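Residue numbers start at 1 and run along the sequence shown. Note that the structure is predicted; figures quoted are calculated from it, not measured. Scope of the values below: all heavy atoms of this structure, side chains included, with no hydrogens, waters or symmetry mates. First listed ligand is number 1; within each ligand, the first listed atom is number 1.
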Amino acid sequence: MFDLAQYDFALVVVVSFSGLALLVMRASKRRLPYPPGPKRLPVVGNLFSMPSREEWITYKNWSEESGSDIIHTDVMGSHIVILNSIKAANDLFEKRSSIYSDRPSLVALEKLFGMDYNIALSQYGPAWRHSRREFQAYLSPADLEAYQPLEQQAVHRLLRNLLSSPDNFEIVWRDKSSCQSPMGSMWSQRMTHTVADAENVLRAAAVATTKEALLLDLIPWLAVIKMPSWFPGARYKRYARDWRPIVVGAVKTTYNKVKSEFVAGTATPSVAAKLISKLDEDSTEEDLWVARAIPVKHPSTSPHELTEAFRRPSPALQTFILAMTLYPDVQRKAQTEIDQVIGNSRLPDFSDQDALPYVQAVLKEVLRWHPVTPLGVPHKVRVSDIYEGYYIPAGSIIIPNVWGMMRDPAVFTEPDRFYPERWLSADAPTFPNQAFGFGARRCPGRFLARASIWSNIAGILATFHISPTEDGPPEEAYSSGTISCVASALIPLNKEKLMWSIL
Ligand code: HEM
């Protein structure tokens, strides 16, 4: 007969042993050292040694100085681990994906400013998994064909605008119709009136991710208690009162616009329209998980930088233009390829991609030479772990130094040189995938983004010469922040017409 007492005893023994084993494991894990890193001060740790500009360069230097591709810092008790090699990123984010795919919580951004709907910020778990699966189901390479004609139209419109105002690339980009590519296709191809909304959300994100706001991440209860107005972090509650309705309103505006277009039968192909087609009549926007994917996924560090990031050509195009001014031979080679394969009676289109390997290599080199997100988007490890003999505590923030990985001389010879030829050799990696993140969190929009950047690059190369102004080539310097842009206020371009008659 089933003996309950015996069962209870067995259970107690098993639980006790498991608990003991866990304690022993934890204790022995902890006896291992943290990965090397800069010297820590009592209580504040590395608070004062953390770089505030172009952090990726400091992280790479720390890595080289310590001879370790994995670095540990501690900011007031929060552990931050920085991965500086593709190998370490693959080992942790890809092979141990189930524990390295969480996100650190950004209290101000999510809780106060109302951005907790965003897939990129979601904690690892069923809700994130569901949103992500649904979202990326419409962004596979096969799905992209539906968006190609609109993307192509947007590129032609951009080229026409550049032609009519060739010295003012920034204003042209700011023009709403140009904004439809590549950002537009992310949400809806016809989102012109939501560009201002998206800008507002980006501004709110910038306000919510300044260093002072991050204090709320370190001491989360500050967000829920009543604080005197002079207390650090207190003003974020006031800011949030103003920004929250704007942020939430922006999601609803986009949702309502695409939904009414869908009902009227005028919706153009877009992820949003496809998702709305799956809803039944009684669904409300609260049911619509797609709202979680509003195009605000890359908070930056300062309102100024973030606003700039949105006003100018996409950061990848900025890097392309910078590289073309600094490396005229590369530009000439790419243009020769386009001339030979396509001639000058039409513009390149998506069907030409395979026939233009050098232009493809330019795209890859743009993403390698200066990744749009040099430090990726941080992950969080859910349980304590050991890697290469080092202890990584549960809850550590894991930052991939993508810039450092892309400038690793062991992987890329002459890494500082913009050299597309490296992608044409037989043993070259197929793509700088790390530019789009890692493991379960890798960017679901990467195929769309690649195609979109390629079509812009190919269109500009076919149509314009890009050369520095009389002031000389621009400086190769970048802004800090999650999204990194060319630092010069205006990219000094001098574009001569090549084949404008076909536009
Ligand atoms: C040049 C263009 C782009 C770059 C460089 C880029 C890069 C990234 C990176 C580095 C991440 C973080 C991955 C990680 O955590 O390891 C990410 C996440 C994400 N991206 Fe992109 N992205 C781009 C364009 C797009 C586009 C066009 C879309 C939508 C169509 C998109 C949607 C997302 C989403 C939803 C996430 C969050 C994924 C998650 O947390 O599960 N991205 N992206």
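Looking at P371, A120, P444 and measuring to atom 19 (C) of ligand 1, the nearest heavy atom belongs to P444. For atom 26 (C) of ligand 1, the nearest non-hydrogen atom from the set G437, G445, A440 comes from G445. Evaluated by nearest non-hydrogen atom to atom 16 (O) of ligand 1, the leading choice among H379, R442, R129, Q434 is H379. Taking only non-hydrogen atoms, the option from A89, C443, S122 nearest to atom 21 (Fe) of ligand 1 is C443.
Note on ligand 1: W128 sits in its first shell, one or more heavy atoms being nearer than 4.0 Å. At least one heavy atom of R103 sits closer than 4.0 Å to an atom of ligand 1. Ligand 1 is never approached by A316 to a heavy-atom distance shorter than 4.0 Å. The closest approach between a heavy atom of L367 and any atom of ligand 1 is not below 4.0 Å.
Atoms of ligand 1 lying under 4.0 Å from any heavy atom of I453, numbered from 1 in the order shown and given with element: 1 (C). Listed by number with element, the atoms of ligand 1 under 4.0 angstrom from any heavy atom of A435 are 5 (C), 7 (C), 10 (C). The atoms of ligand 1 that sit less than 4.0 Å from any heavy atom of R132 are 38 (C), 39 (C), 41 (O). In summary, the atoms of ligand 1 found under 4.0 Å from a heavy atom of A449, numbered by their order in the structure, are 2 (C), 24 (C). Below 4.0 Å from some heavy atom of L448 lie the following atoms of ligand 1, by number and element: 30 (C).
Under the 6.0 Å distance and 45° angle rule, R382 does not count as a cation-pi partner of Y124. Both the sub-6.0 Å distance and the 45° axial angle are satisfied by R417 relative to the ring of Y419. Remark: R133 fails to qualify as a cation-pi partner of W128 under the 6.0 Å distance and 45° angle criteria applied to the six-membered ring.
Between W369 and F418, the ring planes are perpendicular. Angles over 60° get that label, and only those under 30° would be called parallel. Relative ring orientation between H379 and F93 is described as tilted, the plane-to-plane angle lying within the 30° to 60° band. Using the six-membered ring where Trp is involved, F412 and W423 have ring planes that are tilted, between 30° and 60° apart.
In terms of heavy-atom proximity, L83 sits nearest to A88 at CD1-O, 4.1 Å.
Y59 is linked by a side-chain hydrogen bond (donor to acceptor under 3.5 Å, both in side chains) to nothing, counting only residues two or more places apart in sequence or in another chain. By the ring pair (Phe, Tyr, Trp, His ring centres under 6.0 Å) test, F320 is found to be paired with no residue, residues two or more places apart in sequence or in another chain being considered.
With a heavy-atom cut-off of 4.0 Å, V372 touches ligand 1 through its side chain alone. Residue-level proximity to ligand 1 for R441 is carried by backbone and side chain together, each with a heavy atom below 4.0 angstrom. Contacts between S452 and ligand 1 below 4.0 angstrom, taking non-hydrogen atoms only, are absent altogether. The proximity of T373 to ligand 1, defined as any non-hydrogen pair under 4.0 Å, is limited to the side chain.
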Please determine whether side-chain contact (heavy atoms from CB on, under 4.5 Å) holds for the pair V362 and K333, giving the CA-CA distance in whole Å, both sets of side-chain angles, and the decisive distance to 0.1 Å. CA-CA 10 Å; V362 171; K333 222 166 156 178; over 6 Å; no
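Counting heavy-atom neighbours within 6.0 Å of D416 CG, excluding the residue itself, gives a total above 12.
Below 3.5 Å of separation, one finds an N or O of F438 facing an N or O of ligand 1.
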